[in-house]
Amino acid sequence: MNDDYDYAFATRAIHAGQEFDPTTGAVVPPIYMTSTFVQDGIGGFRGGYEYARGGNPTRDSLQTLLASLEAGKHAYSFASGLAAEDTLLRAVLTPGSHIVMGNDVYGGTHRLVNRVHVPWGISLSTVDMSDLDAVRATINPGITKILWVETPSNPLMKISDVAALASIAKEHGVMVVVDNTFASPYLQQPLALGADVVVHSTTKYIGGHSDVLGGALVMNDDTVAEKVGFLQFAVGAVSSPMDAWLTVRGIKTLAVRAERHSSNALAIAEALVGHPKLDAVYYPGLATHPGHDIAAKQMSAFGGMLSVALSGGAAAARTFAESTTLFQLAESLGGVESLIGYPSEMTHASVRGTELEVPDNVVRLSVGIENVDDLLADVLQSLDRL
Ligand SMILES: *Cc1c(COP(=O)(O)O)cnc(C)c1O
(Lines give C-alpha, C1' and ligand atoms only; values in the text may rest on other atoms or scores of the structure.)
Protein backbone atom coordinates (compact mmCIF):
# COMPACT_ATOMS: atom_id res chain seq x y z
CA MET A 1 0.00 0.00 0.00
CA ASN A 2 3.02 2.28 -0.44
CA ASP A 3 1.29 4.80 -2.67
CA ASP A 4 -2.18 4.36 -1.27
CA TYR A 5 -3.15 7.61 0.42
CA ASP A 6 -6.80 6.59 0.72
CA TYR A 7 -6.25 5.11 4.15
CA ALA A 8 -6.49 7.44 7.13
CA PHE A 9 -3.37 8.59 8.98
CA ALA A 10 -3.56 6.10 11.85
CA THR A 11 -3.78 3.22 9.35
CA ARG A 12 -0.92 4.48 7.22
CA ALA A 13 1.20 4.97 10.36
CA ILE A 14 1.03 1.22 10.91
CA HIS A 15 1.06 -0.16 7.36
CA ALA A 16 2.78 2.17 4.85
CA GLY A 17 6.03 0.54 3.73
CA GLN A 18 5.58 -2.28 6.30
CA GLU A 19 4.60 -5.32 4.23
CA PHE A 20 5.18 -8.67 5.94
CA ASP A 21 8.35 -10.57 5.00
CA PRO A 22 7.55 -12.65 1.88
CA THR A 23 9.96 -15.48 2.75
CA THR A 24 8.83 -16.21 6.32
CA GLY A 25 5.58 -14.31 6.76
CA ALA A 26 7.08 -12.33 9.67
CA VAL A 27 4.51 -9.60 10.37
CA VAL A 28 7.27 -7.16 11.29
CA PRO A 29 9.74 -6.75 8.42
CA PRO A 30 13.26 -7.82 9.45
CA ILE A 31 16.01 -5.35 10.29
CA TYR A 32 18.51 -5.60 7.44
CA MET A 33 21.76 -5.37 9.42
CA THR A 34 23.99 -5.48 6.38
CA SER A 35 26.38 -3.03 4.79
CA THR A 36 26.48 -4.71 1.37
CA PHE A 37 24.46 -6.98 -0.94
CA VAL A 38 25.48 -9.95 -3.10
CA GLN A 39 25.34 -9.36 -6.86
CA ASP A 40 24.11 -12.03 -9.29
CA GLY A 41 26.97 -11.36 -11.70
CA ILE A 42 28.56 -7.90 -11.92
CA GLY A 43 25.82 -5.28 -11.66
CA GLY A 44 23.13 -7.92 -10.99
CA PHE A 45 21.48 -6.22 -8.02
CA ARG A 46 18.63 -7.89 -6.11
CA GLY A 47 15.87 -5.34 -5.63
CA GLY A 48 18.32 -2.59 -6.67
CA TYR A 49 20.41 -2.91 -3.48
CA GLU A 50 24.18 -2.58 -3.81
CA TYR A 51 25.77 -0.91 -0.74
CA ALA A 52 23.95 0.38 2.36
CA ARG A 53 24.99 4.04 2.13
CA GLY A 54 23.06 4.12 -1.14
CA GLY A 55 20.13 2.06 0.07
CA ASN A 56 19.04 -0.46 2.70
CA PRO A 57 15.56 -2.05 2.87
CA THR A 58 15.02 -1.00 6.50
CA ARG A 59 15.81 2.64 5.68
CA ASP A 60 13.54 2.39 2.63
CA SER A 61 10.67 1.14 4.78
CA LEU A 62 11.05 4.21 7.04
CA GLN A 63 11.29 6.57 4.06
CA THR A 64 8.13 5.12 2.48
CA LEU A 65 6.34 5.53 5.79
CA LEU A 66 7.50 9.13 6.25
CA ALA A 67 6.43 10.08 2.71
CA SER A 68 3.01 8.58 3.38
CA LEU A 69 2.55 10.43 6.69
CA GLU A 70 3.42 13.84 5.24
CA ALA A 71 1.51 12.99 2.01
CA GLY A 72 4.65 13.74 0.01
CA LYS A 73 6.15 12.04 -3.01
CA HIS A 74 9.72 11.62 -1.71
CA ALA A 75 11.20 11.15 1.78
CA TYR A 76 14.82 10.77 2.90
CA SER A 77 15.95 9.83 6.39
CA PHE A 78 19.18 10.86 8.10
CA ALA A 79 21.26 10.22 11.20
CA SER A 80 19.87 13.35 12.93
CA GLY A 81 17.58 16.30 12.33
CA LEU A 82 20.57 18.57 11.77
CA ALA A 83 22.09 16.12 9.25
CA ALA A 84 18.80 16.31 7.33
CA GLU A 85 18.84 20.12 7.48
CA ASP A 86 22.46 20.32 6.34
CA THR A 87 21.71 18.06 3.37
CA LEU A 88 18.81 20.24 2.26
CA LEU A 89 20.83 23.45 2.65
CA ARG A 90 23.65 22.01 0.51
CA ALA A 91 21.13 20.85 -2.11
CA VAL A 92 19.45 24.25 -2.49
CA LEU A 93 22.01 26.95 -1.62
CA THR A 94 25.20 27.94 -3.43
CA PRO A 95 27.73 30.62 -2.39
CA GLY A 96 25.95 33.98 -2.68
CA SER A 97 22.52 32.58 -1.77
CA HIS A 98 20.43 34.20 0.95
CA ILE A 99 18.25 32.38 3.48
CA VAL A 100 15.53 33.92 5.66
CA MET A 101 14.66 32.25 8.96
CA GLY A 102 12.26 32.93 11.79
CA ASN A 103 13.90 34.82 14.67
CA ASP A 104 12.82 32.01 17.00
CA VAL A 105 14.01 28.89 15.16
CA TYR A 106 15.60 25.96 16.98
CA GLY A 107 19.00 27.16 18.24
CA GLY A 108 20.86 24.33 16.51
CA THR A 109 19.33 25.27 13.15
CA HIS A 110 20.49 28.87 13.56
CA ARG A 111 23.95 27.67 14.62
CA LEU A 112 24.20 25.34 11.60
CA VAL A 113 23.50 28.14 9.15
CA ASN A 114 25.28 30.91 11.03
CA ARG A 115 28.46 29.02 11.93
CA VAL A 116 28.75 26.41 9.15
CA HIS A 117 27.03 27.73 6.01
CA VAL A 118 27.62 31.49 6.40
CA PRO A 119 31.42 31.02 6.39
CA TRP A 120 30.98 29.19 3.05
CA GLY A 121 29.33 32.23 1.47
CA ILE A 122 25.66 32.03 2.44
CA SER A 123 23.94 35.09 3.89
CA LEU A 124 21.35 34.78 6.67
CA SER A 125 18.55 37.08 7.84
CA THR A 126 16.24 36.40 10.77
CA VAL A 127 12.78 37.93 10.91
CA ASP A 128 9.55 37.76 12.90
CA MET A 129 7.58 35.26 10.77
CA SER A 130 4.25 36.51 12.14
CA ASP A 131 4.95 39.95 10.56
CA LEU A 132 4.18 39.25 6.89
CA ASP A 133 5.30 42.72 5.74
CA ALA A 134 8.65 42.25 7.46
CA VAL A 135 9.03 38.86 5.75
CA ARG A 136 8.22 40.42 2.34
CA ALA A 137 10.77 43.20 2.97
CA THR A 138 13.49 40.71 3.97
CA ILE A 139 13.20 38.63 0.78
CA ASN A 140 15.80 39.68 -1.78
CA PRO A 141 14.31 38.56 -5.13
CA GLY A 142 16.63 36.30 -7.11
CA ILE A 143 19.09 35.97 -4.19
CA THR A 144 16.85 34.60 -1.44
CA LYS A 145 16.39 30.87 -1.99
CA ILE A 146 14.80 29.60 1.22
CA LEU A 147 12.20 30.83 3.71
CA TRP A 148 12.67 28.64 6.82
CA VAL A 149 9.58 28.40 9.02
CA GLU A 150 9.21 26.64 12.36
CA THR A 151 5.71 26.48 13.84
CA PRO A 152 4.95 26.10 16.71
CA SER A 153 8.33 27.57 17.64
CA ASN A 154 10.59 26.83 20.52
CA PRO A 155 10.20 27.68 23.41
CA LEU A 156 7.56 30.44 23.19
CA MET A 157 5.19 28.47 20.92
CA LYS A 158 4.84 31.26 18.39
CA ILE A 159 2.63 30.34 15.44
CA SER A 160 3.41 31.24 11.82
CA ASP A 161 0.79 31.16 9.07
CA VAL A 162 2.25 28.58 6.67
CA ALA A 163 -0.26 29.21 3.84
CA ALA A 164 0.25 33.01 3.94
CA LEU A 165 4.06 32.66 4.04
CA ALA A 166 3.98 30.14 1.17
CA SER A 167 2.03 32.54 -1.02
CA ILE A 168 4.51 35.36 -0.33
CA ALA A 169 7.45 33.06 -1.05
CA LYS A 170 5.88 31.81 -4.27
CA GLU A 171 5.58 35.36 -5.63
CA HIS A 172 9.39 35.55 -5.41
CA GLY A 173 10.32 31.99 -6.40
CA VAL A 174 11.54 31.24 -2.86
CA MET A 175 11.36 27.69 -1.45
CA VAL A 176 9.38 27.32 1.78
CA VAL A 177 10.82 24.86 4.27
CA VAL A 178 8.77 24.00 7.36
CA ASP A 179 10.36 22.39 10.40
CA ASN A 180 7.39 20.27 11.51
CA THR A 181 9.13 18.70 14.52
CA PHE A 182 6.95 20.29 17.23
CA ALA A 183 3.62 19.49 15.58
CA SER A 184 4.38 16.11 13.96
CA PRO A 185 2.59 15.15 10.73
CA TYR A 186 -0.41 13.96 12.74
CA LEU A 187 -1.22 17.52 13.84
CA GLN A 188 0.01 19.56 10.87
CA GLN A 189 0.55 18.85 7.16
CA PRO A 190 2.79 21.63 5.77
CA LEU A 191 2.93 20.33 2.17
CA ALA A 192 -0.86 20.61 1.93
CA LEU A 193 -0.57 24.19 3.26
CA GLY A 194 1.81 25.13 0.43
CA ALA A 195 5.27 24.33 1.82
CA ASP A 196 7.85 22.84 -0.56
CA VAL A 197 9.88 20.78 1.92
CA VAL A 198 9.14 19.42 5.40
CA VAL A 199 12.01 18.89 7.85
CA HIS A 200 11.85 16.70 10.93
CA SER A 201 13.98 15.88 13.85
CA THR A 202 12.50 12.37 14.10
CA THR A 203 14.32 12.20 17.44
CA LYS A 204 11.27 13.94 18.93
CA TYR A 205 7.58 13.05 18.36
CA ILE A 206 8.07 10.81 15.33
CA GLY A 207 10.39 8.40 17.16
CA GLY A 208 8.51 9.32 20.31
CA HIS A 209 10.37 7.24 22.91
CA SER A 210 13.63 9.16 23.49
CA ASP A 211 15.63 6.16 22.31
CA VAL A 212 16.86 7.12 18.83
CA LEU A 213 18.27 10.14 16.94
CA GLY A 214 17.13 10.81 13.41
CA GLY A 215 16.03 13.36 10.84
CA ALA A 216 13.96 13.47 7.67
CA LEU A 217 13.15 15.54 4.58
CA VAL A 218 9.88 15.13 2.68
CA MET A 219 9.02 16.89 -0.59
CA ASN A 220 7.02 16.59 -3.81
CA ASP A 221 9.42 18.25 -6.29
CA ASP A 222 11.38 15.67 -8.31
CA THR A 223 14.37 17.96 -8.99
CA VAL A 224 14.90 18.85 -5.32
CA ALA A 225 14.39 15.18 -4.42
CA GLU A 226 17.05 14.08 -6.88
CA LYS A 227 19.60 16.51 -5.40
CA VAL A 228 18.77 15.50 -1.83
CA GLY A 229 18.94 11.81 -2.74
CA PHE A 230 22.33 12.31 -4.39
CA LEU A 231 23.71 14.12 -1.31
CA GLN A 232 22.28 11.51 1.06
CA PHE A 233 24.36 8.96 -0.87
CA ALA A 234 27.40 11.13 -1.66
CA VAL A 235 27.80 12.72 1.80
CA GLY A 236 26.44 9.78 3.75
CA ALA A 237 24.71 11.06 6.90
CA VAL A 238 22.24 8.16 6.61
CA SER A 239 20.14 6.45 9.29
CA SER A 240 21.47 3.09 10.37
CA PRO A 241 19.16 0.07 9.91
CA MET A 242 18.65 -0.15 13.69
CA ASP A 243 17.82 3.56 13.99
CA ALA A 244 15.44 3.35 11.02
CA TRP A 245 13.69 0.36 12.55
CA LEU A 246 13.34 1.98 15.99
CA THR A 247 11.85 5.04 14.32
CA VAL A 248 9.33 2.91 12.41
CA ARG A 249 8.51 1.14 15.69
CA GLY A 250 7.77 4.50 17.30
CA ILE A 251 5.71 5.85 14.39
CA LYS A 252 3.14 3.07 14.68
CA THR A 253 1.67 4.77 17.78
CA LEU A 254 2.12 8.38 16.63
CA ALA A 255 -1.61 9.02 16.17
CA VAL A 256 -2.57 7.87 19.67
CA ARG A 257 0.47 9.51 21.26
CA ALA A 258 -0.18 12.88 19.58
CA GLU A 259 -3.79 12.85 20.81
CA ARG A 260 -2.73 12.18 24.39
CA HIS A 261 0.21 14.62 24.35
CA SER A 262 -2.20 17.30 23.13
CA SER A 263 -5.00 16.64 25.64
CA ASN A 264 -2.54 16.42 28.56
CA ALA A 265 -0.78 19.66 27.58
CA LEU A 266 -4.06 21.51 27.08
CA ALA A 267 -5.31 20.41 30.51
CA ILE A 268 -2.07 21.51 32.18
CA ALA A 269 -1.95 24.83 30.32
CA GLU A 270 -5.55 25.61 31.29
CA ALA A 271 -4.89 24.70 34.93
CA LEU A 272 -1.82 26.98 35.05
CA VAL A 273 -3.42 30.11 33.59
CA GLY A 274 -3.59 32.77 36.30
CA HIS A 275 -1.34 30.84 38.72
CA PRO A 276 0.16 33.37 41.19
CA LYS A 277 3.74 32.17 40.60
CA LEU A 278 3.48 32.62 36.81
CA ASP A 279 3.56 35.70 34.58
CA ALA A 280 2.54 33.83 31.43
CA VAL A 281 1.60 30.45 29.98
CA TYR A 282 2.59 29.91 26.35
CA TYR A 283 0.37 27.31 24.69
CA PRO A 284 -1.31 27.75 21.29
CA GLY A 285 -4.40 25.87 22.46
CA LEU A 286 -5.29 28.74 24.83
CA ALA A 287 -7.76 31.20 23.25
CA THR A 288 -5.62 34.05 24.65
CA HIS A 289 -2.50 32.91 22.75
CA PRO A 290 -1.78 35.40 19.92
CA GLY A 291 -1.40 32.58 17.38
CA HIS A 292 -4.46 30.62 18.52
CA ASP A 293 -6.69 31.31 15.50
CA ILE A 294 -3.99 30.44 12.96
CA ALA A 295 -3.04 27.34 14.95
CA ALA A 296 -6.68 26.26 15.05
CA LYS A 297 -6.81 26.67 11.25
CA GLN A 298 -3.61 24.77 10.39
CA MET A 299 -3.31 22.20 13.20
CA SER A 300 -5.75 19.46 14.23
CA ALA A 301 -4.76 19.83 17.91
CA PHE A 302 -2.14 21.93 19.70
CA GLY A 303 0.59 19.47 20.64
CA GLY A 304 2.43 18.53 23.80
CA MET A 305 4.79 21.48 24.25
CA LEU A 306 4.17 24.44 26.52
CA SER A 307 6.26 27.03 28.31
CA VAL A 308 5.73 29.21 31.34
CA ALA A 309 7.31 32.47 32.50
CA LEU A 310 7.97 32.57 36.25
CA SER A 311 7.11 35.82 38.08
CA GLY A 312 10.04 35.19 40.41
CA GLY A 313 12.56 35.59 37.57
CA ALA A 314 15.57 33.41 36.75
CA ALA A 315 16.03 32.07 40.28
CA ALA A 316 12.42 30.86 40.47
CA ALA A 317 12.65 29.37 36.98
CA ARG A 318 15.78 27.40 37.88
CA THR A 319 14.28 26.13 41.13
CA PHE A 320 11.07 25.07 39.37
CA ALA A 321 12.97 23.27 36.59
CA GLU A 322 15.04 21.41 39.20
CA SER A 323 12.25 20.41 41.55
CA THR A 324 9.69 18.42 39.57
CA THR A 325 9.72 14.62 39.90
CA LEU A 326 7.82 13.11 36.98
CA PHE A 327 8.99 15.91 34.66
CA GLN A 328 12.68 14.98 34.40
CA LEU A 329 15.25 17.70 33.78
CA ALA A 330 16.67 16.97 30.33
CA GLU A 331 17.23 18.35 26.84
CA SER A 332 14.95 17.16 24.04
CA LEU A 333 11.19 16.64 23.82
CA GLY A 334 8.46 14.60 22.23
CA GLY A 335 8.95 11.33 24.09
CA VAL A 336 6.28 9.43 26.02
CA GLU A 337 7.91 10.58 29.29
CA SER A 338 7.51 14.17 30.46
CA LEU A 339 10.60 16.40 30.43
CA ILE A 340 11.32 19.87 31.79
CA GLY A 341 13.98 22.24 30.56
CA TYR A 342 15.49 25.66 31.23
CA PRO A 343 15.96 26.93 27.65
CA SER A 344 18.27 29.88 28.29
CA GLU A 345 20.98 27.56 29.62
CA MET A 346 20.02 24.30 27.92
CA THR A 347 18.47 24.10 24.44
CA HIS A 348 19.05 27.78 23.68
CA ALA A 349 22.48 28.31 25.24
CA SER A 350 23.98 28.54 21.72
CA VAL A 351 21.87 31.61 20.86
CA ARG A 352 22.59 33.64 24.00
CA GLY A 353 23.53 37.17 22.99
CA THR A 354 21.71 36.89 19.63
CA GLU A 355 18.22 38.02 18.61
CA LEU A 356 17.10 34.45 19.35
CA GLU A 357 17.95 34.69 23.08
CA VAL A 358 15.21 33.31 25.37
CA PRO A 359 14.14 35.21 28.54
CA ASP A 360 15.76 33.72 31.64
CA ASN A 361 12.49 33.26 33.52
CA VAL A 362 11.10 30.79 30.95
CA VAL A 363 10.77 27.05 31.63
CA ARG A 364 9.69 24.61 28.92
CA LEU A 365 7.60 21.49 29.48
CA SER A 366 7.42 18.53 27.12
CA VAL A 367 4.21 16.97 28.36
CA GLY A 368 4.31 13.20 28.09
CA ILE A 369 1.50 10.66 27.96
CA GLU A 370 1.46 9.73 31.66
CA ASN A 371 -1.73 10.21 33.68
CA VAL A 372 -2.65 13.88 33.49
CA ASP A 373 -3.59 14.21 37.19
CA ASP A 374 -0.18 12.87 38.22
CA LEU A 375 1.53 15.33 35.86
CA LEU A 376 -0.49 18.31 37.04
CA ALA A 377 0.10 17.44 40.71
CA ASP A 378 3.84 17.31 40.02
CA VAL A 379 3.84 20.78 38.43
CA LEU A 380 1.60 22.36 41.09
CA GLN A 381 3.60 20.94 44.01
CA SER A 382 6.81 22.30 42.53
CA LEU A 383 5.28 25.74 41.98
CA ASP A 384 3.96 25.73 45.55
CA ARG A 385 7.49 25.29 46.86
CA LEU A 386 8.66 28.55 45.25
C1 LIG B 1 15.85 18.75 18.00
C2 LIG B 1 15.42 19.65 16.89
C3 LIG B 1 16.17 19.76 15.72
C4 LIG B 1 17.51 19.04 15.53
O5 LIG B 1 17.35 17.68 15.46
P6 LIG B 1 18.46 16.60 15.98
O7 LIG B 1 17.76 15.31 15.75
O8 LIG B 1 18.72 16.90 17.42
O9 LIG B 1 19.66 16.80 15.13
C10 LIG B 1 15.69 20.56 14.71
N11 LIG B 1 14.54 21.27 14.86
C12 LIG B 1 13.81 21.20 15.97
C13 LIG B 1 12.55 22.00 16.08
C14 LIG B 1 14.22 20.40 17.03
O15 LIG B 1 13.49 20.36 18.16
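Note that ligands are numbered from 1 as they come in the structure, with each ligand's atoms numbered from 1 the same way.
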By salt bridge (charged side-chain N to carboxylate O under 4.0 Å, His left out) - contacts of R53 (at least two apart)
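In terms of salt bridge (charged side-chain N to carboxylate O under 4.0 Å, His left out), with neighbours along the sequence ignored, R53 is linked to no residue.
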
Those residues that, when tested against D40, pass salt bridge (charged side-chain N to carboxylate O under 4.0 Å, His left out) (two or more places apart):
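Listed in chain order: R46.
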
F302-H292 aromatic ring centre distance below 6.0 Å
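Ring-ring flag for F302/H292: true, centres closer than 6.0 Å.
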
For the rings on F9 and Y186, is their centre-to-centre separation under 6.0 Å?
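They qualify: ring centres under 6.0 Å apart.
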
Taking the side chain as C-beta and beyond, is there a heavy-atom pair between R249 and H209 under 4.5 Å?
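No, side chains not in contact.
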
Could you give the side-chain donor-acceptor pairs of residues 221-231 under 3.5 Å, partners two or more places apart or in another chain?
from, atom 1, to, atom 2, distance (Å)
D221, OD1, T223, N, 2.9
D221, OD1, V224, N, 2.9
D222, OD1, K73, NZ, 2.8
D222, OD1, H74, NE2, 2.8
D222, OD2, K73, NZ, 3.1

With a 4.0 angstrom cut-off on heavy atoms, strictly below it, pick out the residues next to ligand 1 and order them by chain and number.
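The 4.0 Å shell around ligand 1 contains S80, G81, L82, E85, Y106, E150, D179, T181, F182, S201, T203, K204, G214, L333.
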
